[in-house]
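Input: a single structure, listed below in structure tokens.
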Amino acid sequence: MPWLSILMGVSALGALGVAFVKNDKLAKQATLAVSLVVMVLTIVMTVQFSPNGDRFQFAETYDWIPAFGVHYAVAVDGVALVLILLSAILVPIVVLASWHDAEAGKRSVRTYFSLLLVLEAMMIGVFAATDVFLFYVFFEAMLIPMYFMIGSYGGAQRSYAAVKFLLYSLFGGLLMLVAVIALYVIAGKGTFLFPELIGAITDPTTQKWLFLGFFIAFAIKAPLWPFHTWLPDAAAQAPAGAAVLLVGVLDKVGTYGMLRFCLELFPEASKWATPVVIALAVIGIVYGAIVAIGQTDIKRLIAYTSISHFGFIAMGVFAMTQNGAAGSALYMVNHGFATGALFLIAGFLIYRRGSAFISDYGGVQKVAPILAGTFLVAGLSGLSLPGLSPFVSEFMVLLGTYEVYAVPAIIGATGVVLAAIYILWMYQRTMNGPTAESVQGMADLNSRERWVVGPLIALIIVLGFFPKPLLDVINPSVKETIHNVSVTAPASAVAKEGQ
Amino acid sequence: MEPAEILSNPGGVIGVGWLMIALPLLGAAVLLLGGRRTNKFGHYFGVLMVLASFVVAVLAFVQILGFAPGERRRGVSLYEFIPGVADMGLLIDPLSISFALLITGVGALIHIYSIGYMSHDLDRRRFFGYLNLFVAAMLLLVLADNYVALFVGWEGVGLASYLLIGFWQFKPTAATAAKKAFVVNRVGDFGLLIAIFIIFTSFGSVAFGEVFAKAGGASEGTLTAIGLLLLLGACGKSAQLPLQSWLLDAMEGPTPVSALIHAATMVTAGVYLVVRSGAAFFPGDGTASLVVTIVGVATLLAGAIIGTAKDDIKKALAGSTMSQIGYMMLAAGLGPVGYAFAIAHLITHGFFKANLFLGAGSVMHGMNDQVDMRKYGGLRTFMPITFYTFVIGYLAIIGFPLLSGYFTKDGIIETAMEHNAILGWLAVVGAGITGFYMSRVVFMTFFGERRWDEGVKPHESPAVMTWPLILLAIGSAGLGAFLIMGNRFMIFLGPAVGRPDELPAFHAFAPVGLATLALVAVGAGYAWLKYGRQQVPVLAPRGSFLTTFARRDLYGDALNEALFMRPGQWLTRLAVWFDNRGVDGLVNGLAATIGGSSGRLRRIQTGYVRSYALSIFVGAAILAGAWFVVGTL
């Protein structure tokens, strides 16, 4: 069965349908229904994936522009699969969370929900694409729905934020386009198919240039320090649901791209760049966390915590060890759920009070205990508390990095302490203490909102204790990637002596 | 004798040992997710779950006793946690089962006591939910068979502690104390985390059995590094110098919390970690063990000195807790004999300190939640059960002959003395100070004249609170003799932590013991002169600079503030400013320059798809052209 095309097709057709529904409520319900169907289909597809089978499964390949060897080629390995699963689970949750978010927008409600489904189709496409040119097309096209979601439905500074987001991404995209074309020309294989391009570029200098073209695009997308400044603006101005998809999924395309394309297409250049990338990642971890501590706006704070977390992900990818890279892949999924929960609950909070400033809150726990309790759980997942899913991935990333680069891992681990400060201080200022006048009588989460938060928290807890199902899918394909870069963790000293 | 090998799961109760953790966890889930529906029966359900867990622990203990000593370490694997790194599994052996009995036994008593103590609190159900969560996490910590699973429990108790210190979160002081406890603990956890990384990279495993078996093959430097990092973790959880500052603030939590978590169990986790890892990383000689003993002695003195100056009864007891854990830490650095005394003292301390804290809670309960001992006085006739049980706890902690502390603390002092006379004498001095500050507490609270606030009508607590006190007092009185006489505990613990081939002989009233007793008597006598015979002023006198030094917790907070907090705040401000002005300003400026003029930038901002697409392709063409030019060079 052409699973991946079906998934994209259902989302895209759904988007088209929703765009023509006149009734707003019906449009919302239709969007929810479509996204749920996509989710169910994705789960069915995931169950059929055999972790120890071929690397790429559910493959479909058709010629698109035969003259240039461009294909419509989609397939998933373990990493792509779990990211598609993440997207497909997040979208219905976001739809439900965004129920009233589009009403104050510049454009119609149905357009917003239609854009959400367009975005979903593209998110699936970008992770599924195994043709480098197709990947590039999705990579760029994804910007369009997100641009409109921020620019037309966002906060007061939405135009500035949307344009900044667009310009940054465009700049990266341009570099990547050049690199994609050059890759095609220099490889001389007459195809853009990813599997055939592995090992095609052997000249070290060429590898370095092409690596940079891809890497900078991904570093902006992820974003890695110092390319990060668009993210706090975009995430703070975007409606909460769009912010979740932006930070939870779109940004992962950057780190996913590093793992899939940078490492495998340009292994020598990746190793050449590793010291710099690890340094940037470590700076990002610590810097993002410190700047997060100093934020006065809840959404900007969450955005900066994500910059810190993206540092962890990039570090794990470039450690090029099994634990590091698999940890990073898992981190992408866990971070999507954890930060998703944090953004959405913050969104509920802000919707009630009409302000994103931390200082406008205080003592919410007393009036809205469920909101506060779920916010705490989401926050604790943001500080990677063991028992919640982000711990597993952060632990694996740090461990995998420590195996080869001890000092950066140790510096990165200070992020563990800083995370406790930024999360708990924000929680204290908003939820604890005497109840502020302005939040008196604030309503607790209603049943729709509980349906948004409940599944996310359940996932975070279950994956916190049982990460194995995801890791079993991720590990074999990361192993392949690591094999292609042909760097493995040095066997432990004592274990070697024992043999 | 080396620790015994870890054998396979024998089935039976040990085979379902995970129930010990699962039952209180279920309790927490029901109480925290059940909402108001569970208000009516929540506290009983919470008590029931802990009692059930205690029953499982007792049955597992009985099963262990049925095995020959060399077969008393049993591994129970549960499931694959992080494939290739760590499994979830239990190690049930004499050490972990001792802890499990203490946690569930004392824990159950404190749960029962809390039914009465928290009866007026609207959020009692949530309180019991958190207590159950704590018990589950603590049991995972001690029962885990590897460092990663231990770490899950380790941070789990940190979370429970955070929730319980901040239970009255509407009080800003409580919320701040809770956050401080978590953050300071995380500094320790950072150390533990790095230790785990080194362990995994060096030995290729985090499972206790495999790690300890391979530890002999590692270099001295590696072992020391692991030891010191584990110690950093232990210092955080056990409030040892230099990470002690959170414990005194933690008294913001309800008193049963202080009794269970910040006295009897959680704060002893650091001692557990050191003893558990002892055979491999703290063998009793070498740098790591030496540092453990130094930390222990420094903290036992610091805690005792702080205890002398506090007028808040809970803070005086908190200083005492620091100090007593200092004794355990000291012992844990002294090798196999020390391990046994450390854990024996940990268990007896669990009883008498819970006894003292709950007694303090009972006093507060009858005094309108007053904690200032200067406003107590003469309470012995008004709350006799509280008084007598408190006195038993008091005599136990100062090491009164034949009560628990006498056996376990003296064991530590004697072992320290044999190891190093300086350590030994400092421990003796600590015992003397203990005699002083604990007598001070007793005199100020139960003797002398009434210094109560107006309208206070002291009364004895209800039976649901006094029965736990009575049971704890029995343990405080007799447990020490039971454990130490005939080296019973050392022999029992041997298979888990190793023991010397020659068991130490117990000499009643040996010279060192007599010297200790003499100093304790001097301390108690001085306290009587100052707080028993003389009138206690209701307002604290200014006191010498030494008193101020002790009242301010030896300036620990001031030091932290000067060294970390203020520089941290400046760094944060600088980073935020830099991020707004520096990085972002630079990029925006660059963009404007490239765009040529702000006008053109604005035109790009129109953001129509057409111009967007156009700019992609124009840009791409330019760059592609540039590429080919560069490429042909």
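Naming: A, B, ... by sequence-line order, numbering from 1 per chain.
Of all the listed residues (A:Ala419, A:Gly363, A:Ala413), the one sharing the greatest number of non-hydrogen pairs under 4.5 Å with chain B is A:Ala413. Per-residue counts of heavy-atom pairs under 4.5 Å with chain B were compared for A:Ile293, A:Asn475, A:Leu385; the largest is that of A:Leu385. In terms of heavy-atom pairs under 4.5 angstrom with chain B, the leader among A:Val417, A:Leu376, A:Val392 is A:Val417. Between chain B and the residues A:Met431, A:Gln295, A:Lys468, the most heavy-atom pairs under 4.5 angstrom are made by A:Lys468. For the options B:Leu193, B:Val148, B:Leu159, B:Leu140, heavy-atom pairs under 4.5 Å to chain A are most numerous at B:Leu159. The candidate with the highest count of non-hydrogen atom pairs below 4.5 Å against chain A, out of B:Leu571, B:Ile198, B:Val187, is B:Ile198.
With a 4.5 angstrom heavy-atom cutoff, A:Arg429 does not touch chain B via any of its atoms. A:Phe465 touches chain B through backbone and side chain together, each having a heavy atom under 4.5 Å away. A:Leu471 touches chain B through its side chain: at least one heavy atom from C-beta onward sits under 4.5 Å away, while N, CA, C and O do not. Of the two parts of A:Thr435, neither the backbone nor the side chain holds a non-hydrogen atom closer than 4.5 Å to a non-hydrogen atom of chain B. For A:Leu398, the parts sitting under 4.5 Å from any heavy atom of chain B are the backbone and the side chain alike. Only the side chain of B:Phe190 comes within less than 4.5 Å of a heavy atom of chain A; its backbone N, CA, C and O stay farther away.
Taken from CG in A:Leu418 to CZ in B:Arg186, the straight-line distance is 10.5 Å, to the nearest 0.5 Å. Taken from CD1 in A:Ile370 to CG in B:Leu33, the straight-line distance is 10.5 Å, to the nearest 0.5 Å.
Pairing each heavy atom of B:Phe81 with each of A:Pro467, the nearest pair is O-CG, 3.3 Å.
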> Would B:Phe200 and A:Tyr402 count as a side chain to side chain contact (heavy atoms under 4.5 Å, CB included) if you check the C-alpha gap in whole Å, the side-chain angles of each, and the deciding distance to 0.1 Å?
Replying inline: CA-CA 10 Å; B:Phe200 186 79; A:Tyr402 186 89; over 6 Å; no

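Pairs engaging residues 170-182 of chain A under the salt bridge (Lys or Arg N to Asp or Glu O under 4.0 Å) rule: none recorded [sequence neighbours left out].
Side-chain rings of A:Phe391 and B:Phe151 approach one another, their centers coming within less than 6.0 Å.
With B:Lys179 as the fixed residue, the side chain to side chain contact (heavy atoms under 4.5 Å, CB included) test singles out one of A:Leu424, A:Asn432, A:Ile421, A:Ile423: A:Leu424. Of the candidates A:Gln365, A:Lys366, A:Gln428, A:Gln365 is the only one forming a side chain to side chain donor-acceptor pair (under 3.5 Å) with B:Gln169.
Here the side chain of B:Arg573 pairs no donor or acceptor atom with the backbone of A:Gly294 at under 3.5 angstrom.
Below 30°, between 30° and 60°, or above 60°: for B:Phe197 and A:Phe395 the angle between ring planes is between 30° and 60°, a tilted geometry.
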